[in-house]
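The next block holds one structure in the form of structure tokens; read it before the comments.
As a basis for the values below, the full set of heavy atoms in this structure was taken, side chains included, without hydrogen atoms, waters or symmetry mates. By convention here, the first residue in the shown sequence is residue 1.
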Amino acid sequence: MADRKGAPPRAWQRMLSGRRLDLLDPSPLDIEIEDIAHGIARVARWNGQTTGDHAYSVAQHSLLVEEIVRLLAPSSSAEDRIAALLHDAPEYVIGDMISPFKQALGGDYKTVERRLEAAVHLRFGLPHTLPAALKALIKRADQVSAYLEATQLAGFAEGEAVTWFGRPRGIDCSRFDMTPLPATQAETLYLQRFFAIEAARVNEMNRKTG
């Protein structure tokens, strides 16, 4: 929809922090962790087709992925864990589209997602492109999370989930509480985890330079 008096369509979104984020050319200066946490705590995984009194949010999913990364790679750095926690951060703007729909949309969606991801990485001091080993680790954790969500929340039979997401290996699936949380609680937990990891990252950097 065009803006008033035939102006080009609006390509920015106002955040609750007061920032105005250009969706097509996002600036790291307009990205705040509080906006990310607020947004993804209110974005439902699986298009909301999950059991429970609340939607299973992208924020809760991100916390799970970061926890799985720590279990798979106990020696991972705080920077690695920040990257895991932020792996779906662009979804605070573009939402969480299920994989089949992403594939149907193709390149345009991916272009916007990559620009947002690059801006998020720059904002929080991560490499523009994550190292291949770290990307693979986060991807594995993401697939374990998807398996858990699919079988415990989204109605997938175990065999079907294994077909699409693989069987988790080296992980005790019974250790995770998959109960969907209220949005405000998921937001709070996400922010608490971010600031805890960020403090650890500062300490790691100080030890290296000290």
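A donor-acceptor distance shorter than 3.5 angstrom exists from the side chain of R81 to the backbone of S76, with no hydrogens or angles considered. Between the side chain of T50 and the backbone N or O of W46 there is no donor-acceptor pair closer than 3.5 Å. In this structure, D88 contributes its side chain and E91 its backbone to no donor-acceptor pair below 3.5 Å. In terms of modelled atom types and a separation under 3.5 Å, the side chain of H87 and the main chain of A84 share a donor-acceptor contact. Between the side chain of N203 and the backbone N or O of A200, no donor-acceptor pair lies under 3.5 Å. Remark: the backbone N or O of A78 is paired with a side-chain donor or acceptor of E204 at under 3.5 angstrom. Side-chain atoms of D35 come within 3.5 Å of backbone atoms of S17 as a donor-acceptor pair (strictly under, hydrogens ignored). No donor-acceptor distance shorter than 3.5 angstrom exists from the side chain of R193 to the backbone of L63, with no hydrogens or angles considered.
Remark: E67 pairs with no residue by the salt bridge (charged side-chain N to carboxylate O under 4.0 Å, His left out) rule, at least two apart or across chains. In this structure A161 satisfies the side-chain contact (heavy atoms from CB on, under 4.5 Å) test together with Y147, A150, T151, F156, F165, sequence neighbours excluded. A119 is linked by a side-chain contact (heavy atoms from CB on, under 4.5 Å) to P26, P28, I31, counting only residues two or more places apart in sequence or in another chain. Applying the ring pair (Phe, Tyr, Trp, His ring centres under 6.0 Å) test to F124 and every residue at least two apart in sequence or in another chain returns F194.
Looking at heavy atoms from C-beta onward, W12 lies out of side-chain contact with L24 at the 4.5 angstrom threshold. R123 places none of its side-chain heavy atoms less than 4.5 Å from the side chain of L29. You'll find the side chain of K139 stays beyond 4.5 Å of the side chain of V65, heavy atoms only. Between R19 and R14, the closest side-chain pair of non-hydrogen atoms is not below 4.5 Å. Proximity of R115 to D25: side-chain heavy atoms (C-beta onward) are nowhere separated by under 4.5 Å. With a 4.5 Å cut-off on side-chain heavy atoms, R140 and L72 count as touching.
With values rounded to the nearest 0.5 angstrom, Y190 atom OH is found 10.5 Å from H61 atom NE2. For the atom pair CG (L137) and CG (L134), the distance works out to 6.0 Å, reported to the nearest 0.5 Å. Taking CG from D80 and CZ from R70, the interatomic distance works out to 13.0 Å, rounded to the nearest 0.5 Å. Taking CD from Q143 and CZ from R167, the interatomic distance works out to 14.0 Å, rounded to the nearest 0.5 Å. In this structure, the separation between CD1 on I138 and CG on L86 is 9.0 Å, given to the nearest 0.5 Å.
Environment of CG in N206: crowded, with over 12 heavy atoms of neighbouring residues, nucleotides or ligands closer than 6.0 Å.
Linking ILVMFWY side-chain heavy atoms closer than 4.5 Å, directly or via other members, places L85 and L122 in two distinct hydrophobic clusters. The hydrophobic clustering, which links ILVMFWY residues whose side-chain heavy atoms are closer than 4.5 Å, places F195 and Y92 together. Note on V58 and L23: same hydrophobic cluster, where clusters join Ile, Leu, Val, Met, Phe, Trp and Tyr whose side-chain heavy atoms are under 4.5 Å apart, directly or indirectly.
Pairs of residues two or more places apart, or lying in two chains, never qualify as ring pair (Phe, Tyr, Trp, His ring centres under 6.0 Å) while including a residue from residues 17-44.
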- [ ] Assess whether side-chain contact (heavy atoms from CB on, under 4.5 Å) is satisfied between E113 and I94, documenting all intermediate values.
- [x] CA-CA 8 Å; E113 185 178 45; I94 57 179; 4.0 Å; yes
Practice prompt. Kindly determine whether E79 and I197 satisfy side-chain contact (heavy atoms from CB on, under 4.5 Å), including the steps that lead there.
Written response: CA-CA 8 Å; E79 183 168 294; I197 302 173; over 6 Å; no
(Q) I'd like to know whether S57 forms a side-chain contact (heavy atoms from CB on, under 4.5 Å) with V43, so could you lay out the CA-CA distance, the side-chain angles of the two residues, the decisive distance to 0.1 Å, and finally the verdict. (A) CA-CA 5 Å; S57 70; V43 174; over 6 Å; no
Requested in this report: Any chance you could lay out the side-chain contact (heavy atoms from CB on, under 4.5 Å) test for D30 and D22, step after step, and finish with the verdict?
Outcome: CA-CA 8 Å; D30 292 324; D22 187 325; 5.9 Å; no
Kindly list each side-chain donor-acceptor pair under 3.5 angstrom involving residues 175-182, sequence neighbours excluded, with atom names and distances?
from, atom 1, to, atom 2, distance (Å)
D177, OD1, T179, N, 3.0
D177, OD1, T179, OG1, 2.7

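Side-chain atoms of S145 and E149 include a donor-acceptor pair closer than 3.5 Å.
Minimum heavy-atom separation, A89 to I40: O-CG2, 4.3 Å. Here the closest heavy-atom approach between residue L126 and residue A83 is recorded as CD1-CA, 3.9 Å. The two residues A183 and R42 come nearest to each other via the heavy atoms CB-CG, 3.9 Å. Residues L116 and P90 share a closest heavy-atom pair of CB-CB, 3.8 Å.
Remark: R201 engages E198 in a salt bridge, criterion side-chain N to carboxylate O under 4.0 Å.
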